[in-house]
Amino acid sequence: MERSRIHVAIRCRPISKKETKKSPWRVSSDSISVRNPSSSLSFQFDRMFKEDCETIQVYEARTKEIVAAAVRGFNGTVFAYGQTNSGKTHTMRGSPAEPGVIPLSVSDLFEITQQDTSREFLLRMSYLEIYNEDIIDLLAPEHHRKLQIHENLEKGIFVAGLREEIVASPRQVLEMMEFGESHRHIGATNMNVHSSRSHTIFRMVIESSQKTQDDDAVRVSVLNLVDLAGSERASKTGAEGVRLKEGSHINKSLMTLGTVIKKLSEGVDNQGGHIPYRDSKLTRILQPALGGNANTAIICNITLAQNHADETKSSLKFASRALRVTNCAHVNEISSDVALLKRKKKEIEELRSKPKTSHSDHSDEENLNLRNTLLKSELERERIAMELDEEKKAQAQREKVLQEQAKKIENLSSIVLFSNRDEKREQEDRFKKGKRRDTWGTGLLSRDSSTSEVQSHGLSRERFERETGPLLPFAELVKSERLCSISEQDENSIDEDSALPDPCALVHVTRRKKPSSIRQKKPVMVESESDIILRECEHLFLQYETEIITNQIQIECLKARVFGNVPRDESSVHLRDPEDIRLIKQLQEKINMLETEKSSSKQNLDDLVTVATEQNTCASQKIAEMLSDESEKLDLTFFNQRQRRVLWTPEEEEMLKVGVETFATDPKKNIPWKRILKMGENVFHQTRNPADLKDKWRRHNPSH
Ligand SMILES: Nc1ncnc2c1ncn2[C@@H]1O[C@H](COP(=O)(O)OP(=O)(O)OP(=O)(O)O)[C@@H](O)[C@H]1O
């Protein structure tokens with residue numbers, strides 16, 4: 001294990017003679033300070049590269065060593081840091097006239113591996129960019145998908161589904177890199193016409209194993225060459241709209257990088273062991289390079305121009321903190337099957353053992369293509385497995401929500417029943433007290449009455465529709481914005497229902513089923529029926545939902561079975577497992593059928609609710625009409641009786657006795673209640689009080 005400090009070099013980009021004259025900075029071989037004698041601002045680094053230096057010098061200062069160590073099995077990371085237009089891309093990528101750190105590293109990498117005859121090597125490359133905090137595969141732009149970072153014991157931190165290309169020559173790498181470059185996000189700002197709008201990570205994975213010995217340990221190391229986007233000030237770059245958004249993402253992730261470096265420079269122990277690597281994709285991917293298992297070098301690009309003195313100062317502060325960060329690099333040797341080289345060794349050996357023909361070059365190319373195809377199919381399989389895994393997790397989550405909903409429905413059902421019982425009791429109490437009589441009438445009632453009911457009960461149409469409207473799924477019920485805007489009166493009713501499992505959901509459900517103002521006048525029977533229908537429908541929907549979920553789970557299981565552990569792409573699956581595919585299709589059709597049934601049931605329920613509401617409305621009106629008719633009629637009867645006689649006949653007295661008793665107990669006993677009622681009503685109209693009514697009756701029946 002090698003304990004080493006992050007190597008930090010500063011590279012100054014060329015500026016005009018006029019700017020040089022005005023520059024506030026003085027530069028020596030390894031330090032930079034402010035010219036002003038009164039200022040003590042001075043920084044010391046591993047190396048300082050003046051404006052006239054060449055990239056090869058910067059490369060040889062440290063990166064060359066890191067590349068050589070990567071071949072020996074040590075991870076390595078080199079990144080260019082600095083404000084926009086300071087020369088990062090020029091340093092890392094360079095130009096045909098002056099190749100950058102990346103082409104120089106690639107060239108060295110192949111040269112060193114070819115010189116080492118004792119080991120065999122397998123090199124692969126990948127190229128990604130982090131644009132607005134999304135990871136994009138520059139070698140597979142056609143996928144248009146955002147990649148995710150994962151971590152496991154075997155592979156450590158890795159970007160799942162990132163295309164890796166096995167490469168056999170520097171030319172091949174540079175071609176692939178050019179391809180990736182053409183998809184990179186670059187835009188013009190006031191400071192740089194070709195400004196990088198994303199961080200790019202060029203990665204080489206180097207696997208090697210001993211050629212001769214039986215030692216099957218494989219060394220796997222990673223070399224990251226990173227071209228960061230530059231920190232920028234919107235006032236200077238003139239960034240607006242998309243550029244501004246990009247700029248803010250760039251600055252945010254660079255700030256996280258700065259924080260990580262600062263915390264590491266202060267010591268991990270001082271941070272309670274917590275370093276915020278996860279705060280940005282950049283720091284998460286570069287985590288091993290920052291205080292971990294890697295040799296790391298930072299090339300900090302600056303400009304000595306006076307008008308950028310503040311930005312330069314801030315870059316120098318970052319670089320000087322990085323100087324205090326130490327890493328622990330060690331050779332990465334593994335004996336598990338994770339190493340591609342190990343898994344492919346047999347295949348490579350087979351290909352090698354083939355007799356060399358005159359077309360040896362051609363067979364080498366074929367060999368490489370074969371390996372690449374295998375690698376691609378493995379990566380694709382890995383990606384699909386990961387996606388399935390995520391889908392399974394989401395499925396489990398959905399199931400959990402469904403179970404919670406089922407519980408809620410159950411609770412609600414029991415509460416609705418309970419509330420019905422309460423209501424019946426209330427009605428009976430009211431009846432006992434004789435405040436009013438409840439009668440209910442059935443029959444065909446006009447649908448048009450709904451409008452008048454809505455108006456007569458002072459309900460707005462919107463609220464009426466909400467309360468009597470179609471059944472919403474529970475997730476929507478709970479989240480429904482409309483619930484959040486319930487009136488104060490509604491809030492009170494929520495309080496009343498606070499003992500329920502989910503007050504919001506309950507308020508909605510109870511309201512939808514039973515509009516409060518209608519409920520007061522609604523006969524018990526009608527209301528209970530509609531409640532039962534609603535409950536049954538809710539249960540029916542739940543059953544449908546559960547069946548759909550079960551089917552989906554079955555599909556997932558089948559998919560997992562189909563893709564299995566053997567690497568193969570989907571097209572081969574179609575060919576090999578038509579039975580499974582047919583089953584999946586059948587299940588899919590069943591799901592569609594259930595969905596259709598569900599929506600038609602929903603429609604039926606809506607219709608039922610509408611009809612029930614209309615019936616309630618009409619029943620209320622009928623009751624009101626009957627009451628007024630009857631009272632008029634009774635008044636007349638009373639008048640006639642007063643005219644004809646003053647005292648009750650014994651028969652009438654007996655009936656009155658029975659009638660009053662009935663009045664005080666159960667209005668629905670099977671007795672000639674119309675007659676009793678007439679007499680009872682007459683007394684009632686005289687006294688307007690049931691207690692008085694009883695007194696009066698007692699006066700007529702002193703023996704009782
Ligand atoms: N050392 C150098 N020698 C010659 N030209 C340079 C040097 N450094 C930078 N330049 C030139 O300056 C311009 C800006 O450089 P470059 O694009 O590399 O900056 P950058 O830091 O990558 O900017 P951004 O962060 O906006 O992408 C380019 O035209 C580049 O050729």
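In each ligand, atom 1 is the first atom listed, and ligand 1 is the first ligand listed.
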With a 4.0 Å cut-off on heavy atoms, is [X] in contact with ligand 1?
{"X": "Q83", "answer": "yes"}
{"X": "R11", "answer": "yes"}
{"X": "S86", "answer": "yes"}
{"X": "N85", "answer": "yes"}

Should you measure from each heavy atom of [X], which atoms of ligand 1 turn up under 4.0 Å away?
{"X": "K88", "value": "18 (O), 19 (O), 20 (P), 21 (O), 22 (O), 23 (O), 24 (P), 25 (O)"}
{"X": "S196", "value": "24 (P), 26 (O), 27 (O)"}
{"X": "G230", "value": "25 (O)"}

Looking only at protein heavy atoms, which one is nearest to [atom], and how far off is it?
{"atom": "atom 9 (C) of ligand 1", "answer": "G87 CA, 3.4 Å"}
{"atom": "atom 17 (O) of ligand 1", "answer": "N192 ND2, 3.1 Å"}
{"atom": "atom 22 (O) of ligand 1", "answer": "T89 OG1, 2.8 Å"}

Query raised in the report: Any idea which of H199, H90, R13 brings a heavy atom closest to atom 12 (O) of ligand 1?
Result: R13
Query raised in the report: Out of T55, T84, I186, who gets a non-hydrogen atom closest to atom 26 (O) of ligand 1?
Result: T84
Please check if the side chain of [X] supplies one atom and the backbone of [Y] the other of a donor-acceptor pair under 3.5 Å.
{"X": "N293", "Y": "H330", "answer": "yes"}
{"X": "D30", "Y": "D46", "answer": "no"}
{"X": "T303", "Y": "A305", "answer": "yes"}

Query raised in the report: Under 3.5 Å between some N or O of ligand 1 and some N or O of E98?
Result: no
Report task. Report yes if some N/O of E51 lies less than 3.5 Å from some N/O of ligand 1; otherwise report no. Result -> no
Query - Close side-chain approach of R219 to N332, heavy-atom, < 4.5 Å - result: no
Nearest 0.5 Å, please: how far is [atom2] in [Y] from [atom1] in [X]?
{"X": "F110", "Y": "Q115", "atom1": "CZ", "atom2": "CD", "answer": "13.5 Å"}
{"X": "T91", "Y": "F79", "atom1": "OG1", "atom2": "CZ", "answer": "14.0 Å"}
{"X": "Y59", "Y": "L104", "atom1": "OH", "atom2": "CG", "answer": "6.0 Å"}

Query raised in the report: For S253 and H199, what are the C-alpha separation, side-chain angles and deciding distance, and is it a side chain to side chain donor-acceptor pair (under 3.5 Å)?
Result: CA-CA 9 Å; S253 56; H199 309 298; 2.8 Å; yes
Query raised in the report: Can a donor-acceptor pair be found between the side chains of N75 and N295 at a distance below 3.5 Å?
Result: no
Report summary line: Any heavy atom of P14 under 4.0 Å from ligand 1? The part involved is side chain
Requested in this report: Indicate whether atom 28 (C) of ligand 1 is within a distance of less than 4.0 angstrom of some protein heavy atom.
Outcome: no
**Report entry** For S320 against F45, the heavy-atom pair lying closest together
**Finding:** N-CE2, 3.5 Å
